[in-house]
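Reminder, nothing fancy here: chain letters follow the sequence lines and each chain counts from 1. Just so it is clear, the structure is predicted and the values come from calculations on it, not from any experiment.
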2 protein chains.
Amino acid sequence: MTIGDPTTARSARAPLSRERVLDVAAGLADAEGLRAVTMRRVAGELGVEAMSLYHHVPGKDGLLGGLVDLVVAQVSDAVAADPAARGDAGGSGDWRVTVRARCLAARTVMLRHPWAPELIASRPTIPPGAFVLFEEVLGVMVRGGCSYWLAHKALHALGSMVLGFTQELFSPAGGDDGGGPGDAEEDLAAMAEALPYTTAMVASEMHDADDPTLGWCDSQSEFEFTLGLLLDGLARADEPGGLHRPGTAQGS
Amino acid sequence: MTIGDPTTARSARAPLSRERVLDVAAGLADAEGLRAVTMRRVAGELGVEAMSLYHHVPGKDGLLGGLVDLVVAQVSDAVAADPAARGDAGGSGDWRVTVRARCLAARTVMLRHPWAPELIASRPTIPPGAFVLFEEVLGVMVRGGCSYWLAHKALHALGSMVLGFTQELFSPAGGDDGGGPGDAEEDLAAMAEALPYTTAMVASEMHDADDPTLGWCDSQSEFEFTLGLLLDGLARADEPGGLHRPGTAQGS
DNA sequence: ACCTGAACACCGTTCAAGT
DNA sequence: ACCTGAACACCGTTCAAGT
């Protein structure tokens, strides 16, 4: 109970504002997951009654919307803080290095707030701030020589990657140690029989782990690999020989 | 209130089972979204009291887990019903056509249940049935000549695509007709100024819509395009000249 | 065995009331 | 203006009780 004790709540005595409400809500989600973000709980963290929140946030749904805006703003900040993502690393640069840096910046924010993709998926509309990010990517690509046709495709593909790549496929065990149905060795043998290819793959990947690429790094290298694959594929698709769209050259 | 009236509920008089509970819950989610899936609400649809559900499902969390299993099972069914996805379209086939068919099959299920990606993202663990699907993809790829290294990458990339591609980026308006702040033409002008590239892209894409590719089809063509990009990129990465992994050839 | 009613602890939200 | 207490309608879940 490191976050909910009265001392912490009392130390957070300040004028109370929309920003403070959202910050506390985000911290709560970071620490205990989205389900812990409750009007009464957030208020408790602020040393205040639940109904006080309604003066700074338009209800629970508005609070969740504010959390999404906060995440989008953090992506904007991360992009602004990275020269490569801003695109001023050199005038003659490939659009791919800029877009790549932007995707990596967005991903760091998603890793900081693992609840963000789930929350964004649960919302009915795309947050306004996201359109600004899309606009910037479009600008980088079009000025870099891409067609609108390709840039549109890129937004879909990259957006789905940034939002979908948080989940770990094969996390080490399922927290099943201690209460399992018996021998771990036995379970492994059963899995080897039921899922032979999966077992072989896990063994193969573990064997190759000479350098210390654990947890975050593993998923990170998958992400960067796929990102590179997509960017190169996109660049190739927009070339004369590529699978260009049926229409004319540029747009409008 | 087409789904909740007593007649419908009464017509659903049958022995009540785990399967019936999950089917009704899925139908409720299809019709009114995940938030409508409530123990009391599901019970009401079945013409029964909320507490009766506990005899067939281990609580709300178990019900949600059952919904995930149901979606996974539907993907398995869709795969089994498609000869191309089963891989028996011909012995000499490219692994890409099989994997592609499997991804398309999975996507049709996601389109049928738009709440599925959000639900899956909200769960702490990967459903057991999903590992069987992964295993099958692994088998197709490895028998097709891919390394485990590449197949692992493919699972990440394709999984994130299937789960992340449901959201529409630029849905026609935001349901803002009628109560907006004024002229639609004025709004468009404001957007053209704030988001020039986005405006140009939308105009360009609308201009090219000669053939009747609306709604579902648009998003579908983006999905298929990205899918093709990924599959071709993956195939290229595993070739001798590609960006192969640092280790040795195969695995283990 | 399967289903139920009452009850408990929680949730978002309204509203009249305080300061 | 900002915050509060009581209240309302909902939620998941427990438990003793019905059949």
Side-chain angles (χ1 to χ4, degrees), chain A residues 1 3-6 9-29 31-68 115 118-119 122-124, chain B residues 1 3-6 9-29 31-68 115 118-119 122-124:
Chain A
M1 204 49 77
I3 202 178
D5 72 339
R10 188 121 33 229
S11 84
R13 279 252 182 252
L16 197 58
S17 65
R18 171 185 164 87
E19 195 193 357
R20 258 164 58 71
V21 169
L22 292 179
D23 279 349
V24 164
L28 207 46
E32 305 184 31
L34 259 190
R35 296 205 46 175
V37 177
T38 259
M39 296 298 276
R40 286 171 152 97
R41 191 89 159 69
V42 171
E45 298 294 335
L46 287 159
V48 108
E49 228 62 25
M51 306 75 204
S52 306
L53 301 183
Y54 285 78
H55 290 274
H56 303 95
V57 139
K60 173 74 176 289
D61 205 67
L63 186 147
L64 293 180
L67 280 183
V68 174
W115 42 268
E118 174 192 346
L119 174 60
S122 79
R123 305 244 91 209
Chain B
M1 202 51 72
I3 200 176
D5 74 338
R10 187 122 30 228
S11 84
R13 278 256 182 247
L16 197 56
S17 64
R18 171 185 164 87
E19 196 193 355
R20 257 165 57 71
V21 170
L22 292 180
D23 278 349
V24 163
L28 207 47
E32 305 183 31
L34 260 189
R35 296 205 46 177
V37 178
T38 260
M39 296 298 276
R40 288 171 151 96
R41 191 90 159 69
V42 171
E45 299 294 335
L46 287 159
V48 107
E49 229 61 27
M51 305 76 204
S52 307
L53 301 183
Y54 285 78
H55 291 273
H56 303 96
V57 137
K60 172 73 176 290
D61 204 66
L63 186 148
L64 293 180
L67 280 183
V68 174
W115 42 269
E118 174 192 347
L119 174 60
S122 79
R123 305 243 91 208

Below 3.5 Å between N/O atoms, which protein atoms pair up with nucleotides 11-14 of chain C? Just atom names and distances, please.
unit_1  : atom_1 : unit_2   : atom_2 : d
dG12(C) : OP1    : Met39(A) : N      : 3.2
dG12(C) : OP1    : Lys60(A) : NZ     : 3.0
dG12(C) : OP2    : Met39(A) : N      : 3.0
dG12(C) : N7     : Arg40(A) : NH1    : 2.4
dG12(C) : O6     : Arg40(A) : NH2    : 3.2
dT13(C) : OP2    : Tyr54(A) : OH     : 2.9
dT13(C) : OP2    : Lys60(A) : N      : 2.7
dT13(C) : O5'    : Tyr54(A) : OH     : 3.2

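Listed by chain and number, the residues in a side-chain contact (heavy atoms from CB on, under 4.5 Å) with Asp61(A) are Arg123(A) (sequence neighbours excluded).
Ala25(A) and Val37(A) make their closest contact through O-CG2, 3.6 Å (heavy atoms, listed as atom of the first residue, atom of the second, distance). Of all non-hydrogen atoms in Ala36(B) and Leu28(B), the two that sit nearest each other are O-CD2, 3.6 Å.
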Extract all donor-acceptor atom pairs below 3.5 Å that involve side chains of residues 46-58 of chain A and protein atoms in other chains or at least two apart in sequence.
unit_1   : atom_1 : unit_2   : atom_2 : d
Ser52(A) : OG     : Glu49(A) : O      : 3.3
His56(A) : NE2    : Leu16(A) : O      : 3.2

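Whole-Å rounding puts the Glu49(A) CD to dG5(D) C1' distance at 8 Å.
Annotation: side chain of Lys60(B) is in contact with side chain of Leu64(B) (closest heavy-atom distance under 4.5 Å). Between Glu19(A) and Asp23(A) there is a side-chain heavy-atom pair separated by less than 4.5 Å.
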- Task: Please step through side-chain contact (heavy atoms from CB on, under 4.5 Å) for the pair Trp115(A) and Leu67(A), ending with a clear verdict.
- Result: CA-CA 10 Å; Trp115(A) 42 268; Leu67(A) 280 183; 4.3 Å; yes
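One cannot find a donor-acceptor pair under 3.5 Å joining the base of dC2(D) and the side-chain atoms of His55(A).
For dC2(D), neither phosphate oxygen OP1 nor OP2 lies less than 4.0 angstrom from any side-chain nitrogen or oxygen of Ser52(A).
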- Paired and unpaired positions of DNA chain D as dot-bracket, Watson-Crick or G-U wobble under 3.5 Å, | denoting a partner strand: ||.|||||...|||||.||
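The listed nucleotides are dG5(D), dC3(C), dC3(D); the one nearest the side chain of His56(B) is dC3(C).
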